[in-house]
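Keep in mind that what you see is a predicted model, and the values were worked out from it rather than measured.
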Amino acid sequence: MGQLLSHPIEEKELDYKSYSNLTYCIGSMQGYRMTMEDAHNVKINEAENLAVFGVFDGHGGKNCSQYLADHLPRLIFQRLNKLAMAYYNRQIDSLSLQHIFSILKNSFFRLDHDLSHQSNLMNQGSTATVATIIDNYIVVANTGDSRCIASKNGVAKPLSFDHKPSTMGERVRIENSNGYILNNRINEVLALSRAFGDFKFKLPYLSSSRNKYIIENQKNLGEKLITLPPELFQVTVEPDIMVYDMSVLETPEFLVLACDGIWDCFKNDQLVKLMRHKLSLGWKLNKIVEYILNDSLTMANNYTGIGFDNMTLIIIAIHNKEGETVDKWYEKMTAKVLNEKGISS
């Protein structure tokens, strides 16, 4: 866990904003860590048909995660906003998911490339979970072990999956790139299998003949040194992308994005249950976020190590049905949860 403070820094940064189609609250807290290495950012266009939310959990320092917070959501927003404007101005017939996926993936690779030229970031890294709401789609791109979930009638639906070295697909890539896993860490060092930065794990040249990509290319190029693509590095920045189509599935009650400090303390369903219970009591999102941050501190455990990390989470309520305001969304959620409990609202 590294060095910790004897007493947590409980000061919280809260940002609560409401729009016609959605309302969100962001909360972050340094906690027991010596420094705050989490970062976040939000971009929403004037028409409110595009929103980009990102959480970033840095390691080795705060500069990498802050660089991503400053640049990645903005880059994705600019590219997707251009696409959305073309669609709504009828310059293109549809919002292609393939095009959205391509923008997200290319933006992740672009920012990682830019990071490699920042000399003060060479020994740092960061996770990234970016949730984009565009038209009827919720599209989540994830690298690392920050996480996004949706609450669908009280059931937590994962919209991302953690990237850990012990996962079989990740292990194959790591070992094929001359890495090894010990104590669930790559080369006994890194507990993540995908991340921004961490460039000492991103080696483009390998002499090993185990790598299928190298074997296939050497058949054509002989002894010439083969460059490994970034998707096959020991630690890759390539995101997994998941989509939730609100035109086919019911609009989720809310979304949660959070860094792993929160997920160490709460399982997906536990957090959804807690939030829905507080909504049934008439709590607003900002009060719920503050409660979760405080509750995480009470779970601090020297044996398990949970509760000592930085804490960052975003709760997003989507109320995009015609005539539904945030107040009506709160009323609907209160009545819905109380009805499930058999209590008249």
Side-chain angles (χ1 to χ4, degrees), residues 1 37 54-60 64-65 68 72 101-102 104-113 115-116 123-131 139-149 156-217 226-243 257-264 267-268 305-306 309:
M1 289 189 295
E37 297 183 353
V55 293
F56 311 94
D57 186 351
H59 48 270
C64 183
S65 56
L68 291 172
L72 184 59
F101 289 0
S102 178
L104 290 168
K105 185 171 290 191
N106 290 341
S107 297
F108 272 55
F109 280 114
R110 164 71 182 277
L111 259 294
D112 201 46
H113 177 267
L115 280 168
S116 68
N123 294 317
Q124 297 185 24
S126 178
T127 71
T129 301
V130 177
V139 187
V140 179
N142 177 63
T143 290
D145 61 359
S146 296
R147 194 181 305 167
C148 180
I149 63 171
K157 180 177 179 60
L159 294 181
S160 69
F161 293 96
D162 300 353
H163 293 130
K164 296 292 190 182
S166 56
T167 305
M168 183 52 67
E170 302 295 289
R171 176 185 286 270
V172 169
R173 186 191 71 250
I174 293 162
E175 293 181 346
N176 279 346
S177 303
N178 287 357
Y180 66 95
I181 300 167
L182 190 63
N183 297 325
N184 292 320
R185 292 178 178 268
I186 300 176
N187 303 344
E188 303 177 60
V189 177
L190 189 64
L192 296 171
S193 57
R194 301 194 191 192
F196 281 87
D198 294 311
F199 294 109
K200 61 186 175 183
F201 298 97
K202 296 176 177 177
L203 306 175
Y205 303 111
L206 298 178
S207 58
S208 171
S209 61
R210 291 186 303 169
N211 192 289
K212 292 182 179 179
Y213 178 87
I214 291 178
I215 293 171
E216 290 299 319
N217 280 276
I226 307 300
T227 302
L228 201 64
E231 292 89 342
L232 299 181
F233 288 165
Q234 290 177 23
V235 175
T236 180
V237 77
E238 182 179 17
D240 280 335
I241 300 176
M242 297 186 67
V243 61
L257 282 81
C259 295
D260 71 333
I262 295 293
W263 302 116
D264 286 343
K267 294 181 180 178
N268 294 357
I306 68 170
D309 206 350

Without swapping roles, check the side chain of Ser65 against the backbone of Glu37 for a donor-acceptor pair under 3.5 Å. yes
Partners meeting salt bridge (Lys or Arg N to Asp or Glu O under 4.0 Å) with Arg110 (sequence neighbours left out): Asp114
Any donor-acceptor pair under 3.5 Å linking the side chain of Thr236 with the backbone of Leu232? no
Val140 side chain reached by Ile241 side chain, heavy atoms, under 4.5 Å: no
What residues form a salt bridge (Lys or Arg N to Asp or Glu O under 4.0 Å) with Asp309, not counting sequence neighbours? Arg33
State, with a plain yes or no, whether a side-chain heavy atom of Asp145 is found less than 4.5 Å away from one of Lys164. yes
Would you find a donor on one side and an acceptor on the other, under 3.5 Å apart, between the side chain of Gln124 and the backbone of Cys64? yes
Here the pair of heavy atoms bringing Ser177 nearest to Leu228 is OG-CD2, 3.8 Å
Full working for side chain to side chain contact (heavy atoms under 4.5 Å, CB included) between Glu188 and Leu182: CA-CA 5 Å; Glu188 303 177 60; Leu182 190 63; 3.4 Å; yes
Going from CZ on Arg171 to CG on Asn184, what distance comes out if it is rounded to the nearest 0.5 angstrom? 8.0 Å
Any Ser193 side-chain heavy atom under 4.5 Å of Arg173 side chain: yes
Between Asp112 and Gly197, which heavy-atom pair has the shortest distance, and what is it? OD1-N, 2.9 Å
Quick one, Val243 and Phe101 - any side-chain contact, counting heavy atoms below 4.5 Å? yes
State, with a plain yes or no, whether a side-chain heavy atom of Val235 is found less than 4.5 Å away from one of Leu192. no
Before giving the answer on salt bridge (charged side-chain N to carboxylate O under 4.0 Å, His left out), spell out for Arg147 and Asp162 the whole-Å C-alpha distance, their side-chain angles and the decisive distance to 0.1 Å. CA-CA 7 Å; Arg147 194 181 305 167; Asp162 300 353; 2.7 Å; yes
Nearest heavy-atom approach of Ile181 to Pro165 is CD1-O, 3.0 Å
Answer yes or no: is there a side-chain heavy-atom contact under 4.5 Å between Leu68 and Leu115? yes
Is Asp198 close to His59 at the side-chain level, that is, under 4.5 Å between some pair of heavy atoms? yes
Using the ring pair (Phe, Tyr, Trp, His ring centres under 6.0 Å) criterion, which residues pair with Phe233? Sequence neighbours excluded. none
If you look only at pairs with a residue in residues 170-201, which of them pass as a ring pair (Phe, Tyr, Trp, His ring centres under 6.0 Å), with sequence neighbours excluded? Phe108-Phe196
Determine whether Asn187 and Gln234 make a side-chain contact, defined as any pair of heavy atoms from C-beta on separated by less than 4.5 Å. yes
Which pair of non-hydrogen atoms, one from Ser160 and one from Asn142, has the smallest distance, and what is that distance? CB-CB, 3.7 Å
State which residues pass salt bridge (Lys or Arg N to Asp or Glu O under 4.0 Å) with Lys105; sequence neighbours excluded, sorted by chain then number. Glu238
For Ala258, does its backbone N or O pair with a side-chain atom of Trp263 as donor and acceptor, under 3.5 Å? yes
Run the salt bridge (Lys or Arg N to Asp or Glu O under 4.0 Å) test against Arg194 and tell me which residues pass, sequence neighbours left out. Glu170, Asp240
Side-chain donor-acceptor pair under 3.5 Å between Ser146 and Thr127, yes or no? yes
Could you walk me through whether Val130 and Leu72 pass the side chain to side chain contact (heavy atoms under 4.5 Å, CB included) check? CA-CA 9 Å; Val130 177; Leu72 184 59; 4.0 Å; yes
Enclosure of Asn106 CG (heavy-atom neighbours >12, cutoff 6.0 Å): yes
